[in-house]
Amino acid sequence: MTESRPVSQPPQIPVQSWQWPLGQGWDQHYIVRYASNLDDGPWHGAPLGGFGAGCIGRSPRGDFNLWHIDGGEHVFQNFPGCQFSVFESGGGQTQAYALSTEAPQDGTLSTWNWYPASTAERSTGTYHALYPRSWYRYENVFKAEITCEQFSPIWANNYQETSYPVAVFEWTAHNPTEQPLTLCVMVSWQNMVGWFTNTQKSPEVQQRDDGSPYYDYVPAIGQSQGNYTQLISTDGLKGCLMSGDWQRLREPQEGDGQWCIATLDNPDIEISYDLRWNPAGDGGDLWNAWAKLGRLMNLLDTTAAGEGEQVGCALALRFTLQPGETRQFPIVLAWDLPVTEFAEGINAYRRYTDFFGRDGRNARTIAHQALTNYQDWQRQITTWQQPILDRPDLPDWFKMALFNELYDLTSGGTLWSAATEADPVGQFAVLECIDYRWYESLDVRLYGGFATLLLWPELEKSILRAFAQAIPTQDDRRRIIGYYLTMGVESPLAQRKTKGATPHDLGAPNEQPWVQTNYTSYQDCNLWKDLGSDFVLQVYRAFVFTGGTDLDFLQTCWPAVVETLQYLKHFDRDSDGIPENEGAPDQTFDDWRLKGLSAYCGGLWLAALEAALAMGKILSENNLAPGTTPILLTQYQRWLESGFNAYHPKLWNGRYYRLDMGSGSDVVMADQLCGQFMARLLNLPDLVEEACIQSSLEAIYEACFVHFNQVAQTQERPQAQKFEGAQVGNFSAATLKQPIGAANGVLPDGTPEDPDSTHQQEVWTGINFGLAAFYAQMGHTDKALAMTEAVVRQIYDYGLQFRTPEAITALGTYRACHYMRPLAIWGLYALLPPN
């Protein structure tokens with residue numbers, strides 16, 4: 001077992017990490033565009049916890065404030081008793097601080113001394129993040145130099161440790177003075193067993209003012225009766241094991257399980273503990289003696305919490321540093337909450353239970369694994385990240401964002417179920433976002449799926465197999481469509497899922513994900529003209545990017561490819577080989593009306609036909625195709641040739657491709673050639689001539705990026721405020737005088753075609769990253785990085801870090817935070833020229 005040890009120097013934090021002064025606020029930060037949507041403010045840090053294990057966020061203030069413990073549900077709340085604190089004695093002085101700059105606002109823990117925040121005049125330290133690692137470096141308060149590195153064991157192509165419900169905190173303390181210093185690091189934690197489950201087992205689904213469905217999540221926070229703590233002192237561990245009465249009453253249900261804080265037993269460190277203190281009081285029962293003496297009283301009170309009572313525990317590590325000495329030691333937080341409940345009685349076991357069991361009594365074992373292996377985990381993470389960090393051709397801001405944007409795979413309400421014979425690595429899913437709480441929106445993951453595709457490809461395939469299984473299904477339930485409500489008109493009732501239609505999503509956490517699909521009801525997704533193409537392209541993309549050898553995956557998905565293409569072809573009303581858009585927003589820009597043949601959906605369709613032809617030929621050559629496949633391939637070829645005869649001649653205006661054929665719009669759509677991008681990405685024939693591609697890219701860059709930002713920086717113009725409660729931020733693009741990214745669609749001079757439009761004038765972060773990948777693909781690395789940097793600066797300079805939204809506006813507002821699509825930055829990485 002690894003022991004805490006003296007080391008020669010403090011840890012080296014990568015210069016590429018995102019940095020923020022501890023506790024220092026933002027003079028300017030984005031606010032939510034519509035008051036009904038989620039806005040927790042800018043205090044977000046890198047999450048801790050494995051994929052699908054539940055995660056915890058700790059902010060640059062030092063507080064633990066984000067709790068995505070219940071799969072798919074969101075709690076943003078500071079529980080101040082969950083905290084690290086440091087005592088220091090030396091040179092005749094003693095001081096002790098809880099290491100959060102945010103004191104409780106409700107009067108609790110009033111005896112505690114809270115760490116001072118950084119100001120413009122005095123730095124008290126810096127927060128750094130390069131996901132999955134983050135660091136707190138404390139300065140100018142303690143005499144000792146103190147750093148805490150925190151991480152969970154997440155690295156590419158790892159399907160075991162990446163699922164673990166554990167966080168490692170490696171502390172490094174250095175004495176730069178000429179006198180000995182005695183330090184004590186204390187971790188305190190509130191017993192949360194039973195808290196994270198919805199007390200409303202069948203919540204009523206309602207519709208927000210923007211037309212999207214939602215329901216109320218009412219967790220059992222604070223319901224601690226029966227919770228208790230036991231001491232761990234075996235196998236070289238010292239720690240506190242938090243559990244509850246559920247253990248003697250039943251097998252674990254959602255919320256049941258254990259929490260554990262632990263460290264290595266070591267003769268050079270004095271370890272003390274308190275198994276029971278009151279985190280809802282003034283905190284003096286824990287703080288007073290510790291802050292005076294630098295040790296806890298070894299209280300072995302295992303009494304369970306009574307009705308209305310809260311209980312916490314604490315572990316303290318005390319040691320003395322001689323002048324010039326440096327010491328490192330680990331503390332871990334582990335939890336074992338094995339069950340995720342969706343609709344009442346619909347449960348799934350989490351992926352990590354494949355390695356630790358399902359009885360909810362394994363938090364100590366998980367902590368032991370972490371304390372035994374954490375240094376190897378650090379090496380694995382470094383081995384994965386360092387080749388990218390060492391590339392001199394990539395700017396540091398890009399390396400920073402590349403890794404930090406992976407946060408969403410942990411904190412995006414992520415599900416990762418236990419393995420089955422059908423799904424040997426389990427089933428996986430990430431929410432579109434917290435406001436749009438449904439899983440793996442297929443149009444969004446056309447862009448955001450690059451992260452799993454490149455780093456955890458088996459998870460990518462599991463998601464696509466779930467879509468393939470869903471395409472032949474039908475759900476006859478009827479519902480109203482939210483878009484019509486926002487228009488103030490009566491909504492037609494729409495079937496939830498039509499047989500053959502590719503579903504928009506894999507369901508929501510209050511129903512049965514992977515089985516009940518098409519949860520969103522803002523639009524009738526059975527009518528969308530991009531989803532079927534998106535599915536076909538993603539299947540072939542997964543096949544190609546994983547070596548082109550997984551014929552079983554291709555064969556499994558082929559029947560769904562055939563069915564969804566046939567379904568989508570029914571929307572080709574004029575038989576020109578391409579389905580037409582039908583006026584109501586019926587694609588990923590679901591507040592933007594396209595009419596007739598459109599560049600966006602038409603191009604995706606043509607690329608999907610090319611992909612289907614390639615897949616069919618591969619299966620036929622390997623004698624894995626059904627007997628009807630030759631007929632299908634002939635049909636696809638005929639559709640493709642007919643579509644080619646319509647697409648370019650009808651849409652090309654001499655400089656770029658028209659939005660569509662039915663609206664008469666002159667708008668330059670940023671993503672007009674997404675289908676062409678996908679075709680070349682998959683080594684399929686180009687859809688249009690290269691000269692037209694290059695001309696279109698030039699038009700897009702000038703209109704949507706250069707001119708749009710010039711207009712935004714020179715005019716304090718009104719922007720679309722479609723819904724009641726729309727807001728304006730405390731800054732604008734005109735204030736900043738810097739580009740914010742490429743707008744979705746504007747006129748060639750950068751002005752809006754319709755000042756009351758919404759999606760057209762928004763800068764979609766993920767679309768920008770995907771568009772940048774297209775520019776890189778076509779040899780325009782400078783333009784790709786210019787657009788990407790503009791968006792990255794907005795996210796990480798103005799309080800959107802670790803809650804990246806779908807959209808930002810020139811008025812300093814955002815929409816739909818914790819969004820999946822920005823994971824598309826990994827697509828740009830894949831297409832940048834090699835080092």
Side-chain angles (χ1 to χ4, degrees), residues 18 30 37-38 40 42 44-59 65-76 129-134 151-152 154-156 162-163 400-416 428-456 459-460 463 505-506 508-509 513 764-770 788 791-792 794-796 799-808 814-829:
W18 179 73
Y30 278 86
N37 285 195
L38 179 67
D40 292 321
H44 289 262
L48 297 160
F51 294 179
C55 78
I56 303 167
R58 189 180 180 205
S59 86
N65 61 3
L66 181 140
W67 307 84
H68 287 183
I69 301 297
D70 184 353
E73 310 297 354
H74 174 74
V75 173
F76 188 83
L130 191 71
Y131 181 82
R133 300 180 289 171
S134 52
F151 65 93
S152 294
I154 292 167
W155 60 87
T162 295
S163 73
M400 178 275 296
L402 188 68
F403 286 110
N404 281 335
E405 287 304 312
L406 292 174
Y407 83 95
D408 196 52
L409 295 178
T410 292
S411 71
T414 310
L415 304 178
W416 191 359
F428 186 81
V430 176
L431 293 175
E432 180 174 333
C433 69
I434 305 299
D435 280 311
Y436 312 150
R437 208 182 310 174
W438 40 84
Y439 283 103
E440 292 296 339
S441 300
L442 192 68
D443 56 316
V444 175
R445 73 176 328 281
L446 180 69
Y447 308 80
F450 275 105
T452 45
L453 174 71
L454 296 173
L455 301 175
W456 293 276
L459 298 182
E460 176 76 1
I463 294 164
D505 54 76
L506 293 177
W764 285 14
T765 56
I767 293 293
N768 270 250
F769 295 157
T788 303
V791 174
V792 167
Q794 297 304 302
I795 295 168
Y796 289 92
L800 293 174
Q801 75 290 337
F802 304 108
R803 56 172 187 148
T804 308
E806 160 81 313
I808 57 177
Y814 73 85
R815 180 174 57 80
C817 59
H818 300 268
Y819 207 76
M820 178 199 295
R821 203 181 323 241
L823 289 163
I825 195 170
W826 280 89
L828 172 57
Y829 170 73

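For the residue pair S163 and A53, the shortest heavy atom distance occurs at O-CB, 3.3 Å. In plain terms, the two heavy atoms of T804 and P822 that are nearest each other are CG2-CG, 3.6 Å. Closest of all the heavy-atom pairs between A807 and W764 is CB-CD1, 3.5 Å. G49 and T410 make their closest contact through O-CG2, 3.2 Å (heavy atoms, listed as atom of the first residue, atom of the second, distance). Between E460 and G449, the closest heavy-atom pair is OE1-O, 3.4 Å. Listed here is the closest heavy atom pair of P509 and Y439: CD-CE1, 3.7 Å.
Taking the six-membered ring for Trp and the full ring otherwise, the centers of F428 and W456 sit at least 6.0 Å from each other.
Within the model, atoms OG of S411 and OH of Y131 stand 7.5 Å from one another, a figure rounded to the nearest 0.5 Å. Annotation: the span from C433 atom SG to N37 atom CG amounts to 8.0 Å, rounded to 0.5 Å. One distance of note links SG of C817 with CG of D408; it measures 10.0 Å at 0.5 Å rounding. Expressed to the nearest 0.5 Å, how far OG of S134 lies from CZ of F802 amounts to 7.5 Å. How far CG of N65 is from NE2 of H44: 6.5 Å, rounded to the nearest 0.5 Å. The CG atom of L823 sits 12.0 Å away from the CG atom of L453 when rounded to the nearest 0.5 Å.
S152 places no side-chain N or O within donor-acceptor distance of the main-chain N or O of L48, the cut-off being under 3.5 Å. In this structure, the side chain of W155 does not engage the main chain of T162 through any donor-acceptor pair within 3.5 Å. The closest donor-acceptor contact from the side chain of E73 to the backbone of W67 lies at 3.5 Å or more, if one exists at all.
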When you look at L130 and W18, which way does the side chain to side chain contact (heavy atoms under 4.5 Å, CB included) test go after all the steps?
CA-CA 7 Å; L130 191 71; W18 179 73; over 6 Å; no

Quick one: do R803 and L66 satisfy side chain to side chain contact (heavy atoms under 4.5 Å, CB included)? Show the steps, please.
CA-CA 11 Å; R803 56 172 187 148; L66 181 140; over 6 Å; no

Verify side chain to side chain contact (heavy atoms under 4.5 Å, CB included) between I69 and V75, making sure each step is shown before the conclusion.
CA-CA 8 Å; I69 301 297; V75 173; over 6 Å; no

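Pairs engaging residues 817-828 under the salt bridge (charged side-chain N to carboxylate O under 4.0 Å, His left out) rule: E806-R821 [sequence neighbours left out].
Judged purely by distance below 3.5 Å, without hydrogens or angles, the side chains of Q794 and Y814 never pair a donor atom with an acceptor atom. For the residue pair Y436 / R815, a side-chain donor-acceptor distance below 3.5 Å is found, with atom types taken as modelled. Y819 and E432 share a side-chain donor-acceptor pair at under 3.5 Å.
In this pair, H74 and F76 present their aromatic rings parallel. The plane angle is below 30°, not in the 30 to 60° band.
Taking the side-chain hydrogen bond (donor to acceptor under 3.5 Å, both in side chains) definition, one finds that N404 meets it with nothing, sequence neighbours left out.
The side-chain heavy atoms of T765 and Y447, taken from C-beta on, include no pair separated by under 4.5 Å. Counting heavy atoms from C-beta on, the side chains of L431 and M820 never come closer than 4.5 Å.
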